[in-house]
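Structure first, commentary second.
Within every chain, numbering begins at 1; the chains are lettered A, B, ... in the order of the sequence lines, protein sequences first and strands thereafter. Below, each value reflects all heavy atoms present in this structure, side chains not excepted, and no hydrogens, waters or symmetry copies. Please read these numbers as outputs of a predicted model, since none were measured by experiment.
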Amino acid sequence: MSEEKNLNFIEEIIEEDLANRKYTEVLTRFPPEPNGYLHIGHAKSICLNFNLALKFGGKTNLRFDDTNPVKEDTEYVDSIKEDLQWLGFKWATELYASDYFDQLYNFATQLISKGLAYVDDGSAEEITALKGTPTEPGKDGPYRDRPVEENLRLFEEMKAGKYKDGEKVLRAKIDMAANNMHMRDPIIYRIKHAHHHRTGDAWCIYPMYDFAHGQSDSIEHITHSICTLEFIPHRELYDWFIEKLEIFPSKQYEFARLNMTYTVMSKRKLLQLVEEGYVQSWDDPRMPTISGMRRRGYTAESIRNFCDRIGIAKRENLIDVSLLEFCVREHLNKLASRVMAVLDPVKLVITNYPEGQIEELISENGPDESYGTRKLAFGKELWIEREDFMEEPAKKWFRLAPGALVRLKSAYIVKCEGFVKDNNGTVQEVHCSYLPETQSGNDTSGISVKGTIHWVSAAHAIPAEIRLYDRLFKVENPSQEEGDFKEYINPDSLHVISKAYVEPSLANAAAGSVYQFIRKGYFCVDKESQAPKLVFNRTVSLKDAWAKEVKKS
RNA sequence: UGGGUUAUUGUGUAAUGGUAGCACUACAGAUUUUGAUUCUGUCUGUCUAGGUUCGAAUCCUGGUAACCCAACCA
């Protein structure tokens with residue numbers, strides 16, 4: 001009878017607000033500053049905000065928090081919109097804090113008129129000095145009691161460009177002794193003679209975050225303004241401005257940001273990785289950015305699913321990246337066609353197969369009929385995986401070894417008759433005989449073998465570059481280790497195989513398409529791939545029980 | 001050492017005074033023309049010390065630990 005609801009704490013608040021008829025419609029917003037690329041942490045926030053609106057029948061705005069012109073750029077605006085769309089979300093209205101500059105200026109004037117804001121001529125150092133510390137109260141500065149008329153005039157002059165950067169600021173007049181540092185007369189406007197990506201040179205004063213964000217929420221009638229934990233101390237200020245300005249009472253709620261093992265999530269650190277060449281770009285497949293994950297072959301659905309599973313709460317967390325990988329495999333398992341590719345090739349010669357003979361075998365493309373079938377060329381010489389042959393087989397080994405039988409996937413059972421080594425002792429060829437009556441689908445032999453391996457025909461296979469990615473860092477939580485986080489970068493996070501062989505059906509594979517390379521993992525075609533030079537990214541490996549077995553002994 | 005926030009298995013997250021559940025991970029087994037998938041099973045938890053109560057993860061009191069706050073960043 002009792003329905004399991006399992007609401008997170010924000011959903012509970014919304015449900016209560018709706019029950020109390022506090023709001024008739026839920027309006028949330030996603031408010032990125034256009035100063036960088038979106039990452040998986042943003043995806044958590046995006047899913048939260050948009051899904052809340054979806055769940056309770058409301059809407060979500062996209063609002064760019066563009067109040068600091070020196071850091072922001074249209075390039076970022078575009079990438080953010082692209083990522084959001086790719087993730088599968090539709091915003092109700094596209095807005096910019098800079099659209100409200102006039103109104104924000106008026107709000108500031110109102111505050112001055114009420115005696116709640118003043119122009120301070122102090123330098124940054126002087127202002128900081130008077131601010132006190134968390135354990136010591138601040139002190140009132142010399143400009144705090146400037147008359148309203150003078151403040152009004154000075155603020156207007158600031159706007160008119162009469163002063164240089166840093167010469168004056170506008171401050172809210174609250175309480176220099178407040179426990180909350182953010183209430184010690186916070187700066188609300190600063191002078192910046194800088195070009196803004198949208199307003200150009202119309203302004204030389206810009207509002208601070210605290211004076212823009214809450215008011216923007218209020219202007220839009222955002223009902224639930226959701227942000228991360230570090231903004232908790234800002235909430236008192238958020239409410240103060242709304243109260244003094246007597247505007248729509250948006251409410252701020254905070255949840256814990258996402259942290260994930262073996263990566264970093266701060267824009268500053270990600271920027272360093274790009275700028276200092278530890279990765280190639282913002283969309284490097286090793287990056288935790290949305291664009292990096294997209295390029296790596298992660299699907300939007302799997303990222304959304306991941307965000308659902310990690311939940312929303314207020315406690316610090318460090319999510320195991322294996323959960324993300326699970327979500328990716330889960331989706332790709334349903335999505336990806338199965339094909340064969342040999343990453344580390346060694347020749348397999350079928351000694352009793354007629355020279356020059358080619359057969360067309362039929363192979364299924366996936367676990368059920370919906371995937372369809374394709375033709376596979378089979379011949380006397382094949383490429384197989386070097387690791388699928390062992391001269392002296394280990395315990396529980398059921399791949400190729402002298403005398404052993406294995407099935408070549410979708411083809412025949414073969415028996416290993418011998419092998420050829422070069423002077424260095426490296427295996428050059430594996431020799432097998434095949435059992436003609438064991439053809440896949442027409443097997444009349446009654447023989448069953450333990451191992452099945454993948455292969456490609458040497459005469460038909462096409463070469464490809466394959467990029468294997470590993471975790472970017474050697475430690476679970478690089479940000480918490482001693483010293484510079486970059487000391488913990490995994491030097492082997494990228495392994496490029498310049499000459500692998502893939503089956504010919506992949507010759508025209510389009511960038512972005514995803515495949516399962518049987519027994520090797522999920523791969524996608526990189527954006528740099530251009531026939532005849534194919535490039536694949538390994539999205540994620542398959543689970544590997546044999547690797548675990550080896551590790552144990 | 002001022003203020004704020006948070007503590008549930010290895011990792012996340014539920015349980016809103018009444019059987020500590022779910023997912024990932026790990027481990028074991030079954031099926032398998034992918035050592036994959038699928039299926040079955042197993043392991044480990046309420047930060048701590050008291051108190052209230054028939055009954056406490058939940059309420060109260062005291063401790064402890066972690067995180068955040070002193071940009072003219074957001």
*If you write RNA chain B from 5' to 3' in dot-bracket form, with Watson-Crick or G-U pairs under 3.5 Å, [ ] for crossing pairs and | for pairs with another strand, what do you get?*
.((((((..((((....[..)))).(((((.......)))))....(((((..]....))))))))))).....
_Run A:Glu387 and A:Lys520 through salt bridge (charged side-chain N to carboxylate O under 4.0 Å, His left out) and show every step you take._
CA-CA 12 Å; A:Glu387 63 170 17; A:Lys520 296 310 298 182; 2.9 Å; yes
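Aromatic pair A:Phe536/A:Phe523: centroids not less than 6.0 angstrom apart. Between A:His234 and A:Tyr238, the gap from one ring centroid to the other reaches at least 6.0 Å. The aromatic ring centres of A:Tyr76 and A:Tyr37 sit less than 6.0 Å apart. Ring centroids of A:Phe155 and A:Tyr189 are separated by less than 6.0 Å, placing the two rings close together.
Of the candidates B:C68, B:C24, B:A70, the closest approach to any side-chain atom of A:Thr128 belongs to B:A70.
Listed by residue number, there are no residues of residues 35-45 of chain A with a heavy-atom contact under 4.0 Å to RNA chain B. In the region residues 156-174 of chain A, proximity to RNA chain B at under 4.0 angstrom, judged on heavy atoms, holds for A:Gly166, A:Val169.
In this structure, A:Arg198 is positioned above the aromatic face of A:Tyr96, its NZ or CZ under 6.0 Å from the six-membered ring centre and within 45° of the axis. Within the cation-pi definition used here (under 6.0 Å to the ring centroid, within 45° of the axis), A:Lys168 qualifies as a partner of A:Tyr163. Figure legend: cation-pi geometry between A:Lys159 and A:Tyr105, with NZ or CZ positioned under 6.0 Å from the six-membered ring centre and within 45° of its axis. Both the sub-6.0 Å distance and the 45° axial angle are satisfied by A:Lys269 relative to the ring of A:Phe485.
Heavy atoms of A:Thr261 sit nowhere under 4.0 angstrom from any nucleic acid atom. Heavy atoms of A:His182 sit under 4.0 angstrom from primed sugar atoms or phosphate atoms, though from no base atom. Counting any heavy atom pair closer than 4.0 Å across all strands shown, A:Phe231 reaches a base atom. When heavy atoms are screened at a 4.0 angstrom cut-off, A:Ala124 is found touching base atoms of the nucleic acid.
Looking at A:Arg171, its side chain does come within 3.5 Å of a backbone N or O of A:Asp185 through a donor-acceptor pair. A:Lys409 places no side-chain N or O within 3.5 Å of a backbone atom of A:Ile518 that could act as its donor or acceptor partner.
Between A:Asp210 atom CG and B:C72 atom P the separation is 11 Å, expressed in whole Å. Spacing between atom CE of A:Met260 and atom C1' of B:U25 amounts to 15 Å, rounded to whole angstrom units. Atom C1' of nucleotide B:C73 and atom CG of A:Leu271 are separated by 14 Å, given to the nearest angstrom. Protein atom CD1 of A:Ile187 is 12 Å distant from nucleotide atom P of B:A70, rounded to whole Å. Protein atom CG of A:Asn317 is 14 Å distant from nucleotide atom P of B:C68, rounded to whole Å.
The existence of a salt bridge linking A:Glu167 and A:Lys162 is excluded, since no basic side-chain nitrogen approaches an acidic carboxylate oxygen closer than 4.0 Å. Between A:Asp140 and A:Lys173, no side-chain nitrogen of the basic residue sits less than 4.0 Å from a carboxylate oxygen of the acidic one, so the salt-bridge criterion is not met.
Counting only residues at least two apart or in different chains, ring pair (Phe, Tyr, Trp, His ring centres under 6.0 Å) contacts with residues 307-331 of chain A are absent.
Of all the heavy atoms in A:Leu361 and A:Ala411, the pair that sits closest is CD1-CB, 3.5 Å.
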*Just by protein heavy atoms under 4.0 Å, how would nucleotides 30-44 of chain B read 5' to 3' in B, S and -?*
---BBBSS-------
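In B:A20 the O4'-C1'-N dihedral to the base is more than 90° from 0, which defines an anti nucleotide.
Relative orientation of the A:His196 and A:Tyr206 rings is parallel, given thresholds of 30° and 60° on the angle between their planes.
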Please tabulate, one pair per line, each protein N/O and nucleotide N/O from nucleotides 2-7 of chain B that are separated by under 3.5 Å, including the distance.
{"unit_1": "B:G2", "atom_1": "O2'", "unit_2": "A:Asn179", "atom_2": "OD1", "d": "2.7"}
{"unit_1": "B:G2", "atom_1": "N3", "unit_2": "A:Pro134", "atom_2": "O", "d": "2.8"}

